[in-house]
Amino acid sequence: MKCSSSVTLALVSVVFGLATAALGGAAPPDLSADQRQRLSSGEVVVLDTLPAGASKSAGGGTAVGLVRAAPERVWPVLVDYRGHPRYYPRVVSAEVVEADSQHAIVRYEVGVGPLSFGFHMVKYPDPVRRRIEWHLDASRPNNFFRENTGYWQVDPAEGGSLVTYAIAVRTIVPGFVTRGAERKSLVDTIQRLRKLVEN
């Protein structure tokens with residue numbers, strides 16, 4: 001059993017090495033040996049790290065998961081903005097308002113119980129790095145959100161892809177009320193994406 005754990009950790013180390021090379025030095029989040037073990041066993045690991053530029057009062061974090069699908073399979077699903085309701089919890093619709101090769105503006109509708117609200121995100125896809133960064137479109141109505149930034153990063157890994165999903169969120173509701181929901185959403189989103197691309 002000890003040998004098996006060592007082999008698993010070695011494989012995960014190789015995965016992180018490949019991902020670092022693919023990013024040209026921009027490494028995935030640093031994980032402890034325990035977190036790497038959890039990752040290799042299929043768990044989605046959540047870190048307190050917020051995307052660069054997040055405000056001090058933002059909630060959120062960074063989730064990392066292994067997906068048994070090649071990056072070439074995962075990437076098109078992420079940039080299919082209209083399809084985001086398939087794996088983003090509570091998103092009931094996504095409409096591309098404007099798009100070119102550099103960016104897209106997407107209007108999302110989110111349902112929370114009997115209520116729903118809309119907001120607009122500016123997305124910046126980088127197909128070479130397989131990375132999408134985003135932030136709220138401040139020139140359009142965003143109702144519930146005061147801040148929403150983040151990124152997806154997809155890197156090759158042994159048997160599939162290493163997927164990183166990071167968000168920084170601030171809403172009209174106090175942060176202590178939404179903190180648990182934000183972390184749960186990070187895990188749920190990667191798990192739902194995993195089911196979608198692995199089938």
Side-chain angles (χ1 to χ4, degrees), residues 19 22-24 26 28-29 44 49-55 58-65 67 69-112 116-156 160-172 178 181-182 185-199:
L23 284 172
V44 175
T49 310
L50 295 176
S55 70
T62 299
V64 185
V67 175
E72 295 78 15
R73 165 78 178 130
V74 179
W75 177 252
V77 173
L78 294 178
V79 293
D80 174 20
Y81 304 121
R82 289 181 185 88
H84 282 181
R86 296 182 294 168
Y87 57 92
Y88 274 110
R90 297 189 186 86
V91 171
V92 295
S93 71
E95 173 194 358
V96 178
V97 175
E98 182 182 307
D100 59 29
S101 61
Q102 308 277 312
H103 81 295
I105 298 175
V106 184
R107 183 187 186 279
Y108 290 96
E109 190 79 23
V110 174
V112 181
S116 67
F117 57 89
F119 59 98
H120 295 79
M121 304 290 283
V122 185
K123 307 271 187 170
Y124 299 96
D126 182 341
V128 174
R129 296 171 67 205
R130 294 193 188 94
R131 184 180 180 92
I132 305 171
E133 298 182 0
W134 64 81
H135 61 78
L136 283 177
D137 182 351
S139 69
R140 298 173 192 260
N142 292 306
N143 298 329
F144 187 70
F145 285 106
R146 296 292 174 262
E147 177 179 355
N148 190 328
T149 61
Y151 67 87
W152 280 105
Q153 177 69 52
V154 184
D155 296 299
S161 302
L162 179 71
V163 177
T164 305
Y165 171 49
I167 57 169
V169 177
R170 194 162 40 88
T171 70
I172 59 173
T178 59
E182 289 155 1
S185 174
L186 283 163
V187 174
D188 288 350
T189 302
I190 287 190
Q191 288 177 338
R192 290 171 65 161
L193 174 69
R194 180 186 278 161
K195 284 180 185 173
L196 186 62
V197 299
E198 289 182 353
N199 291 334

Check your understanding: How close do D188 and P89 get, heavy atom to heavy atom, and via which atoms?
Key -> CB-CG, 3.8 Å

Practice item. Over all heavy atoms of both residues, which pair between F145 and V169 is shortest? Give the atoms and the distance, please. Key: CE2-CG1, 3.4 Å

**Study point:** Spacing of S185 atom OG and R90 atom CZ [to the nearest 0.5 Å]
**Key:** 7.0 Å

Study note, to complete from the structure: By salt bridge (Lys or Arg N to Asp or Glu O under 4.0 Å), D126 pairs with (sequence neighbours left out) none

Check your understanding: Out of curiosity, H84 NE2 to K123 NZ, how far, rounded to the nearest 0.5 Å?
Key -> 5.0 Å

**Study point:** Side chain to side chain, R140 and V97, heavy atoms closer than 4.5 Å
**Key:** yes

Check your understanding: Is atom CZ of R82 surrounded by more than 12 heavy atoms (other residues, nucleotides or ligands) closer than 6.0 Å?
Key -> no

Check your understanding: Can you find a heavy atom in the side chain of P125 that is under 4.5 Å from one in the side chain of Y81?
Key -> yes

Practice item. Classify the ring geometry between Y124 and H135 as parallel (under 30°), tilted (30 to 60°) or perpendicular (over 60°). Key: tilted

Exercise for review: Please assess V197 against W75 for the test side-chain contact (heavy atoms from CB on, under 4.5 Å), listing each intermediate value before the final yes or no.
Suggested key: CA-CA 10 Å; V197 299; W75 177 252; over 6 Å; no

Practice item. Hey, could you give me the CG/OH distance between L78 and Y151, rounded to the nearest 0.5 Å? Key: 13.5 Å

Review point. Rounded to the nearest 0.5 Å, how far does CD of E147 lie from CZ of R170?
Key: 5.0 Å

Revision key, fill the gap. Result for side-chain contact (heavy atoms from CB on, under 4.5 Å) between V67 and one of Q191, E198, R73 points to E198

Check your understanding: Where does the angle between the aromatic ring planes of Y108 and F119 fall among parallel (under 30°), tilted (30 to 60°) and perpendicular (over 60°)?
Key -> parallel

